[in-house]
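Working notes, structure below.
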Amino acid sequence: EQMMCANRWTGLVAAMVVAALVPRWATAQSLQMVFRDKPPYSFVDKGVAQGFLLERTKRVMNRAGIEARFDEMPPKRIFLEIEKNEQAICSFGWYKLPAREKFALFSISMHQDRPHTVLAGPSSQPAVRRHATLKALMADPTLTLAGADGVSYGADIDALIAAFPGKVE
C-alpha cells in the first residue's frame, strides 16, 4: 500500500512518516537554490538576483510548486554544501560529470550552451591561429591559458586543461 500526500507534505501523518524515512533536511519548507556569479546566466545586480537561467529555474520551481530562495555563492562552496548533504540545497547550470555524480543528483538538462570559444588578445592571435584544432592549441607549451577556478568546461575540455603544458592562470 502507498501513502498519498499533499503536494507540499503538509499532512501531519505524511510529515512524520517522511521524517522517519529521509534525512531531516528533506522535509524543509523551502529549498535553498544557490547560484554562481556568471552573467548573463545568473548574477546579482543592485541586490536583485537575475539572469536568464536563474529566471528559467524560478519558473520551473514555481510550476512544480516548490518554494525556493535564491542565493549567490562561490562555486567551491556550492559543491562543498551539496556534498555535505546537510540541508535542502540545489544549484543550476553545472555540467554533469562523474566526479560530481558521486555526491550530487542531477535533473534533466534545462539548457545547452553554444560551443565554447577561444578568446585571444591581438598579440596572441597569430600563435593561436597557427593551430587547426583545439587539441593542437592545448598542446602548445608557449601559450598561457586563463580559466575560472573551480568550474568545469565539460569533460573533454577539462582533460585538455589538466594536460596543458603551458602556464595556467
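For this chain, numbers begin at 1 and follow the sequence in order.
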Pairwise side-chain contact, [X] with [Y], heavy-atom cut-off 4.5 Å (strictly under):
X	Y	value
Val168	Thr144	no
Lys76	Glu81	no
Ile157	His116	yes
Leu143	Leu137	yes
Phe92	Leu54	yes

Kindly determine whether Met110 and Thr57 satisfy side chain to side chain contact (heavy atoms under 4.5 Å, CB included), including the steps that lead there.
CA-CA 8 Å; Met110 304 175 30; Thr57 303; 3.1 Å; yes
What distance do [X] atom [atom1] and [Y] atom [atom2] have between them, rounded to the nearest 0.5 Å?
X	Y	atom1	atom2	value
Gln32	Ile89	CD	CD1	4.5 Å
Gln125	Leu119	CD	CG	10.0 Å
Asn62	Glu67	CG	CD	10.0 Å

Output side-chain donor-acceptor pairs under 3.5 Å for residues 41-48, partner residues at least two apart or in another chain, one line each.
| unit_1 | atom_1 | unit_2 | atom_2 | d |
| --- | --- | --- | --- | --- |
| Tyr41 | OH | Asp113 | OD1 | 2.7 |
| Ser42 | OG | Arg36 | O | 2.7 |

Who pairs with [X] by side chain to side chain contact (heavy atoms under 4.5 Å, CB included), at least two apart in sequence or on another chain?
X	answer
Arg100	Phe79, Trp94, Tyr95, Leu97, Phe103, Phe106, Ser152
Arg59	Glu55, Arg56
Lys135	Thr133, Leu160

If every non-hydrogen atom of [X] is compared with every non-hydrogen atom of [Y], which pair is closest and at what distance?
X	Y	value
Leu31	Cys90	CD1-SG, 3.8 Å
Ala68	Met61	CB-CG, 4.1 Å
Ala139	Pro165	O-CG, 3.4 Å
Ser30	Ala88	O-CB, 4.2 Å

Tell me, please, which residues at least two apart from Gln112 pass side chain to side chain donor-acceptor pair (under 3.5 Å).
none
Test your reading of the model: is there a side-chain donor-acceptor pair from [X] to the backbone of [Y], 3.5 Å cut-off?
X	Y	result
Ser91	Val34	yes
Asp158	Tyr153	yes
Ser124	Ala120	no

Side chain to side chain contact (heavy atoms under 4.5 Å, CB included) evaluation trace for Arg69 with Met33:
CA-CA 6 Å; Arg69 63 186 191 284; Met33 184 65 70; over 6 Å; no
Same cluster or not: Ile82 versus Leu80, using hydrophobic residues (I, L, V, M, F, W, Y) connected whenever any side-chain heavy atoms lie under 4.5 Å apart?
no
Walk me through it: do Phe35 and Glu72 pass the test side chain to side chain contact (heavy atoms under 4.5 Å, CB included)?
CA-CA 5 Å; Phe35 60 92; Glu72 183 183 357; 3.7 Å; yes
Lys84 atom NZ: more than 12 heavy-atom contacts under 6.0 Å
yes
Are His111 and Phe52 an aromatic pair by the rule of ring centers under 6.0 Å?
yes
One pair to check against side chain to side chain contact (heavy atoms under 4.5 Å, CB included): Val128 and Val118. What are the steps and the verdict?
CA-CA 9 Å; Val128 169; Val118 173; 4.0 Å; yes
Partner set under salt bridge (Lys or Arg N to Asp or Glu O under 4.0 Å) for Asp140, not counting sequence neighbours:
Arg130
